[in-house]
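Everything numeric in this text was worked out from a predicted model, so none of it was measured.
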Amino acid sequence: MELSGELPDWVSAKDVILEMLRRHDVEGGVGRVIEYFGPGVAGLTAMDRHVISNMGTELGATTSVFPADDEIRRFLRSEGRGDDFAAWHADAGCDYDHHEHIDLSALEPLIAKPSSPGNVVPVAELAGQEIYQAYVGSSANPGYRDFAVVADMVAGRTAAEGVSLDINPTSRQVLRALISDGRLDALVAAGARLHQAGCNGCIGMGQAPANDGRSLRTVPRNFPGRSGTREDKVYLCSPETAAASALTGEITDPRTLDMDYPRIAPPERIEPDRDLLVAPLPAETLQSRPELEMGPNIEPLPELEPLPDSLELEVLLKMGDDISTDEIMPAGLRVLPLRSNIPEIARFCFEVIDEDYPERADQAGDHMVVGGHNYGQGSSREHAALAPRQLGLRVVVARSFARIHRQNLVNFGVLPLTFTGTDDYEALESGDVLVFPDLAQALDGEQAAARRRGDGRELTFEHGLSSRECGIVRAGGLINWLKT
């Protein structure tokens with residue numbers, strides 16, 4: 001992706017990645033590495049590049065890359081890591097499978113409507129719609145600048161009546177910087193609610209919006225119910241759009257505000273919070289380390305069995321395209337406190353799609369599910385693979401997988417397969433039973449064969465696993481494989 005020009009006032013890095021999602025939706029990057037280059041890159045700070053790369057996941061991209069240039073050197077110096085810098089850029093004359101161009105100077109404020117990061121329109125198109133909440137923070141907009149620009153916009157003003165302005169600092173380091181320069185005081189004086197550093201509202205751990213109340217958030221994704229409210233209406237936007245809307249009480253194009261655009265220079269130095277870090281124990285002390293204390297809501301990781309030579313599996317669910325990890329393993333206050341209790345958290349698997357799945361899985365034992373394109377998009381949460389595995393999930397067949405979820409399936413001994421026949425996806429239905437006769441041999445090759453019980457239909461699937469991944473799946477997961 002070639003970038004040229006400079007971002008205009010009131011347009012920031014979030015609008016760049018939203019433009020990518022407007023063009024390509026949540027499947028456009030599947031199977032691709034997205035490289036950003038061109039003269040426009042020089043005007044993007046290191047944290048701007050983080051914002052864009054972070055939401056490459058929402059495009060389905062394998063990864064997103066920027067060159068390591070003088071701006072990256074400056075950022076590392078500001079973190080006390082200048083010696084870690086190494087220049088990194090594409091080879092001269094290299095070629096690409098696909099080439100596009102974005103003129104940064106032509107962008108406008110954008111917003112993703114409920115309930116997908118790919119549902120992008122100009123902010124001006126929705127202007128005037130009443131909002132309930134404006135939420136700033138998360139991994140998608142984590143930098144000091146993203147909070148500082150909001151602080152300068154609301155300084156001397158207050159959030160509109162009935163609007164909850166939520167500030168979720170990304171780290172203690174950022175929080176201390178906002179305290180030291182007085183910007184935290186400006187936020188609090190404007191009526192902002194300050195939350196502790198961490199994911200928090202992004203994954204539904206607090207700050208859940210009111211039912212049907214519009215919530216504007218700088219978070220990376222807005223899948224249904226992710227906020228912790230089943231009937232949520234979450235919109236994804238830039239910090240500028242969130243702050244402007246908090247001040248007016250309605251979705252607002254920040255370019256229409258009667259104020260100058262706050263220009264936030266990258267700080268020369270943000271003190272790392274390293275004094276509170278605890279170094280790993282030396283190897284020789286591991287045998288004498290204290291016993292881990294576990295409360296009643298903490299259970300050891302389940303023991304996962306190796307992959308059998310043959311399996312007979314019922315299809316418990318057949319799903320469509322773009323199934324997210326939020327639909328596989330819901331977020332929110334009912335679920336996330338159980339993260340260390342796999343048997344309990346598994347009771348919520350696929351709740352958004354089929355609330356009877358956990359009970360049916362208990363009855364079925366080993367089973368499989370079928371998905372469409374881009375299965376497992378969104379958060380990288382391991383529980384979306386481990387919890388279904390706890391309930392007996394052994395195979396997932398899909399038209400295509402989101403990269404991180406596919407790897408998580410492998411890591412917990414679940415075999416990810418893709419269709420080879422053009423009409424096999426349409427042919428499979430919930431309740432079908434597939435017999436996989438020789439999985440050991442299948443993993444030695446490139447395809448796995450199965451026969452549908454009843455009519456005897458033969459199906460073949462590709463696994464696309466490396467030899468290392470084949471070993472992990474055979475062992476029943478990464479932990480088992482590392483033990484051998």
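The number of heavy atoms from other shown groups lying within 6.0 Å of CG (Asp97) does not exceed 12. Other residues, nucleotides and ligands contribute more than 12 heavy atoms inside 6.0 Å of the CZ atom of Arg23.
Of all heavy-atom pairs spanning Leu59 and His24, the tightest one is CD2-CB, 4.0 Å. Among all heavy-atom pairs drawn from Lys233 and Asp212, the shortest one is CD-O, 3.6 Å. Taking all atoms of both residues into account, the shortest heavy-atom contact from Asp25 to Ser116 is OD1-OG, 4.3 Å. Taking both residues in full, the closest heavy atoms of Cys349 and Ala387 are given as SG-CB, 3.5 Å, listed atom of the first, atom of the second, then distance. The minimum heavy-atom distance linking Pro209 with Arg217 is given by the pair CD-NH2, 3.4 Å. Across all their heavy atoms, Gly201 and Gln207 have their closest contact at N-OE1, 2.9 Å.
A donor-acceptor pair under 3.5 Å is formed between the side chain of Ser138 and the backbone N or O of Ala140. Judged by distance alone, the side chain of Thr325 and the main-chain N or O of Ser379 form a donor-acceptor pair under 3.5 Å.
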#### Entry: side chain to side chain donor-acceptor pair (under 3.5 Å) between Asp166 and Gln133, worked out
CA-CA 7 Å; Asp166 290 273; Gln133 183 183 58; 3.1 Å; yes

### Task
Check the pair Arg389 / Glu305 against salt bridge (Lys or Arg N to Asp or Glu O under 4.0 Å), numbers first and verdict last.
CA-CA 10 Å; Arg389 176 66 189 89; Glu305 305 86 7; 2.9 Å; yes

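For Phe419, the ring-ring contact (aromatic ring centres under 6.0 Å, His included) partners are Tyr425, Phe461, not counting sequence neighbours. Take Tyr135 and apply the ring-ring contact (aromatic ring centres under 6.0 Å, His included) test, not counting sequence neighbours, and it matches no residue. With sequence neighbours left out, Asp309 forms a salt bridge (charged side-chain N to carboxylate O under 4.0 Å, His left out) with no residue at all. For the salt bridge (charged side-chain N to carboxylate O under 4.0 Å, His left out) test, residues two or more places apart in sequence or in another chain that qualify with Arg22 are Glu19. For Asp423, the side-chain contact (heavy atoms from CB on, under 4.5 Å) criterion is met by Glu426, Arg457, not counting sequence neighbours.
For the pair Glu469 and Arg406, the salt-bridge criterion is met [side-chain N within less than 4.0 Å of a carboxylate O].
Side-chain contact between Leu313 and Val433 is absent, with no heavy atoms from C-beta onward closer than 4.5 Å. For the pair Leu465 and Pro416, the minimum side-chain heavy-atom distance is below 4.5 Å.
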Under 3.5 Å, sequence neighbours excluded: what are the donor-acceptor pairs made by side chains of residues 473-484?
{"from": "Arg474", "atom 1": "NH2", "to": "Ala440", "atom 2": "O", "distance (Å)": "3.2"}
{"from": "Arg474", "atom 1": "NH2", "to": "Asp444", "atom 2": "OD1", "distance (Å)": "2.6"}
{"from": "Asn480", "atom 1": "ND2", "to": "Leu304", "atom 2": "O", "distance (Å)": "2.7"}
{"from": "Asn480", "atom 1": "ND2", "to": "Ala475", "atom 2": "O", "distance (Å)": "2.9"}
{"from": "Thr484", "atom 1": "OG1", "to": "Trp481", "atom 2": "O", "distance (Å)": "2.6"}

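When ring centroids are compared, His367 and Tyr357 come within the 6.0 Å threshold.
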